[in-house]
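The structure appears right after this line, and notes come after that.
Throughout, residue positions are numbered sequentially from 1 according to the sequence presented.
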Amino acid sequence: MTLLEETIKKIKPLNQEAMEQAKKRWSSIAKPLDSLGLLEPALVRIAGITGSPKIDLEKKQVLVYCADNGVVEEGVTQTSQDVTAVVTKNLTIGATSVCQMAKVAGAQVVPVDVGVAQDLSQVQGLVHKNICHGTKNFAKGPAMSREEAMKALEIGIEMAYAAKKQGVGLAATGEMGIGNTTTSSAVAAALLGQPATMVTGRGAGLDTAGLRRKVAVIETALAALKPNPQDPIDVLSKVGGLDIAAMAGTFLGGAAAGLPVLIDGFISAVAALVAVKLCPTVQNYLLASHVSKEPAGQMMMEALGLQPVIHGQMCLGEGTGAVAMMPLLEMAAAVYTNMSTFSQIEIEEYKPLQ
């Protein structure tokens with residue numbers, strides 16, 4: 001049995017008893033009922049994921065999967081592929097956007113090389129899991145082999161297990177890879193059965209001609225390669241990316257290990273959808289952070305049955321939206337854990353409205 005198969009077998013329904021206790025705790029706190037909105041059911045879900053109504057989010061980690069995409073050859077991006085390696089190195093020295101945000105949020109940034117084109121084997125502070133030096137150009141054939149897609153999924157699973165073992169209470173998924181809005185749009189189109197025009201955006205700043213080229217490349221690849229929407233690994237291998245596969249693995253591993261994992265934006269949400277297609281039970285484990293500015297951002301949230309807390313029109317990537325969500329959850333957890341109850345301060349409880 002493969003690690004992926006073992007992991008899927010471990011994923012059970014959420015712990016209903018822990019969730020009921022968490023709901024009762026929220027109802028007992030001396031404040032108006034449901035007044036923290038979507039943050040309250042998020043903490044209830046975390047209780048169901050961990051199996052305990054005691055919420056501890058002190059140790060936080062953002063896993064940033066870095067990989068290159070051969071489809072960049074088709075002129076679907078504003079910048080060159082070299083930028084992936086530059087930003088990956090910067091992640092190791094705290095010199096990217098997510099690093100600055102993570103400092104404020106008190107989260108550890110863990111950059112993982114799953115497929116950067118340049119050789120980064122001597123870079124310190126990087127988790128070295130390079131499967132291949134970037135995927136192939138899916139305009140000319142499959143992006144990777146099925147075996148490579150499986151390896152990336154299993155790296156994501158292993159990283160989730162490692163985070164849980166380290167005592168992480170809340171993880172986030174991030175990515176870095178020039179061209180990955182093209183791969184994620186292709187995967188989304190295949191899995192949702194939507195035309196490329198509906199799920200493809202400008203990424204990091206394409207002009208109108210560039211956007212048309214990007215859509216055309218995706219349409220041509222989907223028509224030629226015919227990824228099977230009933231087989232998520234086939235979709236990943238034909239038009240996906242190693243970063244998307246690794247993030248999907250992290251959602252699966254988090255569900256198996258009882259580790260809450262936050263979705264970031266569009267690319268991360270596509271990875272979450274891959275995980276759900278591989279194991280439908282994972283859907284109940286997902287935690288949304290924000291809705292991406294990318295055209296299919298809201299579409300992905302609806303496909304996953306999620307309501308994101310943050311509507312900030314962000315589309316930076318790297319896990320920045322998920323990291324922005326972390327302090328909000330911690331603040332909610334502080335209320336949940338430390339507030340007095342109605343009985344403790346001797347006032348009448350609020351009654352639910354009928």
Side-chain angles (χ1 to χ4, degrees), residues 1-12 49 61-69 88 110-117 120-121 126-136 142-166 168 171-177 180 183-184 187 190-191 227-228 230-264 267-283 285-286 319:
M1 189 180 291
T2 66
L3 176 61
L4 176 62
E5 290 168 336
E6 288 175 1
T7 298
I8 290 173
K9 194 172 180 180
K10 287 179 185 175
I11 299 170
K12 307 297 181 188
I49 292 168
Q61 194 174 87
V62 52
L63 297 163
V64 186
Y65 296 102
C66 308
D68 274 303
N69 302 284
T88 300
V110 180
V112 187
D113 174 9
V114 286
V116 178
L120 302 182
S121 58
L126 184 63
V127 179
H128 300 285
K129 298 285 186 179
N130 190 288
I131 294 166
C132 58
H133 291 300
T135 56
K136 297 180 179 67
M144 59 184 127
S145 68
R146 190 177 182 92
E147 290 71 26
E148 286 167 335
M150 279 285 291
K151 280 183 185 177
L153 280 162
E154 294 190 343
I155 286 167
I157 291 169
E158 289 168 353
M159 293 303 298
Y161 286 169
K164 179 68 175 181
K165 192 173 181 179
Q166 292 161 25
V168 172
T173 48
E175 38 61 39
M176 177 58 223
N180 62 7
T183 55
S184 51
V187 172
L191 292 180
N228 179 3
Q230 305 307 315
D231 181 357
I233 300 175
D234 184 64
V235 175
L236 280 175
S237 64
K238 287 178 176 173
V239 296
L242 293 159
D243 52 350
I244 298 171
M247 285 190 291
T250 292
F251 291 117
L252 291 164
L259 171 69
V261 180
L262 286 163
I263 299 172
D264 182 36
I267 301 166
S268 177
V270 169
L273 183 60
V274 170
V276 170
K277 295 292 184 181
L278 285 165
C279 178
T281 306
V282 170
Q283 185 161 359
Y285 281 78
L286 299 175

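Put simply, the side chain of K129 never gets that close to the backbone of V112: no donor and acceptor are under 3.5 Å apart. Remark: the backbone N or O of E175 is not paired with any side-chain donor or acceptor of D243 at under 3.5 angstrom. Under the 3.5 Å distance criterion, the side-chain polar atoms of E154 are matched with a main-chain donor or acceptor of L4. At least one donor-acceptor pair closer than 3.5 Å links the side chain of N130 to the backbone N or O of V116. A donor-acceptor contact shorter than 3.5 Å links the side chain of T250 to the backbone of G156.
Distance check, rounded to the nearest 0.5 Å: CG of L236 to OG1 of T183 gives 9.5 Å. In this structure, CD in Q61 is found 5.0 Å from CD in Q166, a value given to the nearest 0.5 Å. Put simply, CG on D113 and CG on L242 are 9.5 Å apart, with the number rounded to the nearest 0.5 Å. Residue L120 holds its CG atom at 8.5 Å from SG of C66, rounded to the nearest 0.5 Å. Within the model, atoms CD1 of I8 and CG of L3 stand 10.0 Å from one another, a figure rounded to the nearest 0.5 Å. Here the CG atom belonging to D68 is positioned 10.5 Å from the NE2 atom belonging to H133, to the nearest 0.5 angstrom.
Between E148 and C132 the shortest side-chain heavy-atom distance falls below 4.5 Å. Side-chain contact check for L278 versus L153: some heavy-atom pair is nearer than 4.5 Å. Residues R146 and D234 meet the side-chain proximity criterion, which asks for heavy atoms closer than 4.5 Å. When side chains are defined from C-beta on, F251 does not count as touching V276, because their heavy atoms never get closer than 4.5 Å. Between I155 and V127, the closest side-chain pair of non-hydrogen atoms is not below 4.5 Å. Looking at heavy atoms from C-beta onward, V187 lies in side-chain contact with V239 at the 4.5 angstrom threshold.
Taking every heavy atom of both residues into account, Y65 and A246 meet most closely at CD2-CB, 3.5 Å. The shortest non-hydrogen separation linking A143 to G240 is CB-O, 3.6 Å. Contact detail for G174 and V62: the closest heavy-atom pair is N-CG2, 4.4 Å. Closest of all the heavy-atom pairs between C279 and I11 is SG-CD1, 4.0 Å. When all heavy atoms are compared, the tightest approach of G249 to I157 is O-CG1, 3.3 Å. The minimum heavy-atom distance between A152 and A245, with the atom names listed, is CB-CB, 3.5 Å.
Remark: the N69 side chain and the N180 side chain contain no N/O donor-acceptor pair separated by less than 3.5 Å.
In this structure, K151 places its NZ atom where only 12 or fewer heavy-atom neighbours from other residues, nucleotides or ligands lie under 6.0 Å away.
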Take V274 and V235 through the side chain to side chain contact (heavy atoms under 4.5 Å, CB included) test and state the conclusion after the steps.
CA-CA 9 Å; V274 170; V235 175; over 6 Å; no
